[in-house]
Chemist: 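Take a look at the following structure, please.
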Amino acid sequence: MTEPLLDGSSAALLRYGVFCLFVGVGIVFSDRLSRSVGLSPRASALVVCCLGAMVWYGWSSTYLRWTRLFGTALAALLPLAVCFNLFREVVWDAP
Amino acid sequence: MIGIVLDWFLAPDTGALPVRLMMIGLGVLLAGGVARALRGVTSRRALLVGGTLLGAGYWLTSIAVLRGSYDIYAAYLYLLFHATEGAAAAHFYRKVAHAFQQRSLPGGGHLRTRVSHLAAVFSVLLSGAGLFVYRSGVASATGQTVTFGLAYTLVAVGVTSLGVWWRVRPLSNDYRVPTLLGFAACVTGAELYGYATPSLEIVVVLAGAAAHVSGFWVAVGVWVLRGHWHP
């Protein structure tokens, strides 16, 4: 089960990744919408689904490119943030 | 269960272990980062489902890009951590110099007590590693035999991850433990990663030494400029 994950094609991984991101952003955004605007969960889910479909239809190729870029940037920036905080802890905040 | 996990981790060859460590560490790191960003913004259920999907999504897209160039990512993590190690080494020298001058440690306590504690911890770790190597050759859960090479790799992974964990331990107030564990796994994978060519390996080791020296002198420069030479 894990072999296709780590040894499968990049295109398949990217497709699964973008799908997960799309649904994840939708769930979080729908929750925010229902909490801040006061819409019912079902209505906010519907709004988010419509918006998601529009975004997917209009900008799927751009979205794919930016997702690749953002995913890679996050993979590079998160360890950098941990190291920066460690450096700050050792150099600035050290007694 | 542990045997099955170990077999997946080590199969089909030990060369893949650092890559798997890096990728699993990156997954945990991304999940921790997403959870930290979304905490307080969404409800608990949305955080659980949406956060998991977002973490998985970032992880899969990162793997899709990084798998074409694990060399670069491993070298990046290696250099990043060695620069930080340089600063930590400068801090250690500062503490040692202070301990010799004052004949006491900055955090209190006697030098002899601290040294005996460290010796006890190291002896326990070395005995564990020795026992593991002695027991190597025992068939694991799926019938794969744990060879001496695998035992050595596992001991190297254990010792390296303990060292990285020890270094990032002061950040436990800023980050949750899983995030730091993910970072430790990433750096351990990068430390043990076998590069495509020996010349590339030498270049990365030399660049790591340069990053270590840079981190050391940047830390010293900051202390000198701020006038905080003594801990």
Side-chain angles (χ1 to χ4, degrees), chain A residues 1-3 5-36 41 44 48 64-95, chain B residues 8 16 19-20 23 26 29-30 32-34 38 41-43 45-47 49-68 73 76-77 80-81 83-84 87-88 90-91 94 106-107 167-168 170-171 174-175 179-180 183 186-187 215 218-219 222-223 228 231:
Chain A
M1 190 193 120
T2 48
E3 289 312 312
L5 188 69
L6 291 170
D7 306 327
S9 75
S10 295
L13 288 178
L14 194 63
R15 204 163 48 239
Y16 293 140
V18 168
F19 179 74
C20 287
L21 279 176
F22 217 70
V23 178
V25 168
I27 289 170
V28 171
F29 187 56
S30 162
D31 182 69
R32 282 297 299 161
L33 200 67
S34 70
R35 274 153 58 108
S36 56
S44 61
V48 167
L64 271 172
R65 194 165 63 236
W66 280 104
T67 308
R68 275 171 67 103
L69 194 69
F70 196 59
T72 316
L74 212 59
L77 288 177
L78 273 174
L80 184 69
V82 174
C83 276
F84 179 77
N85 273 320
L86 191 58
F87 196 84
R88 183 181 52 78
E89 181 84 22
V90 169
V91 178
W92 263 269
D93 300 345
Chain B
W8 175 78
V19 173
R20 288 177 182 188
M23 289 305 108
L26 179 65
L29 197 60
L30 286 170
V34 167
L38 291 181
V41 177
T42 56
S43 67
R45 197 172 57 178
L47 173 68
V49 182
T52 307
L53 282 170
L54 277 174
Y58 282 128
W59 187 53
L60 290 172
T61 45
S62 306
I63 292 179
V65 178
L66 294 177
R67 66 200 299 278
Y73 193 58
Y76 168 72
L77 288 174
L80 205 59
F81 189 68
T84 319
H91 183 53
R94 200 168 69 128
R167 183 60 63 219
V168 297
L171 291 180
D174 299 334
Y175 294 95
T179 311
L180 294 180
F183 178 77
C186 271
V187 173
V218 167
V222 168
W223 290 323
H228 287 185

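All values below come from the heavy atoms of this structure, side chains included, with hydrogens, waters and symmetry mates left out. Numbers restart at 1 for each chain; the letters A, B, ... are given by sequence-line order, proteins then strands.
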Chemist: Would you mind telling me which of A:V28, A:L86, A:T72 has the largest number of heavy-atom pairs within less than 4.5 Å of chain B?
Modeler: A:L86
Chemist: Where does B:L26 contact chain A at under 4.5 Å (heavy atoms): side chain, backbone, both or neither?
Modeler: side chain
Chemist: Give a yes or no answer on whether the side chain of A:Y16 reaches the backbone of B:L60 with a donor-acceptor pair at less than 3.5 Å.
Modeler: no
Chemist: Rounded to the nearest 0.5 Å, what separation is found between the CG atom of B:L29 and the CG atom of A:L78?
Modeler: 5.0 Å
Chemist: Check whether B:L30 gets within reach of chain A through its side chain, its backbone, both or neither, counting any heavy atom under 4.5 Å.
Modeler: both
Chemist: For the candidates B:A64, B:S62, B:A88, B:A56, which exhibits the highest count of non-hydrogen atom pairs separated by less than 4.5 Å from chain A?
Modeler: B:A64
Chemist: Return the minimal non-hydrogen interatomic distance between B:L66 and A:A75, and the atom names on each side.
Modeler: CD1-CB, 4.1 Å
Chemist: Determine whether more than 12 heavy atoms belonging to other residues, nucleotides or ligands lie under 6.0 Å from atom CZ of A:F87.
Modeler: yes
Chemist: For B:F183, which atoms come within 4.5 Å of any heavy atom of chain A: side chain, backbone, both, or neither?
Modeler: side chain
Chemist: Quick one: of A:G26, A:A73, A:S30, A:A76, who has the most non-hydrogen atom pairs under 4.5 Å with chain B?
Modeler: A:A76
Chemist: Only one of B:T52, B:L54, B:L47, B:V49 forms a side chain to side chain contact (heavy atoms under 4.5 Å, CB included) with A:I27, so which one is it?
Modeler: B:V49
Chemist: Look up atom CG in B:L53 and atom CZ in A:F22, then write down how far apart they are to the nearest 0.5 Å.
Modeler: 13.0 Å
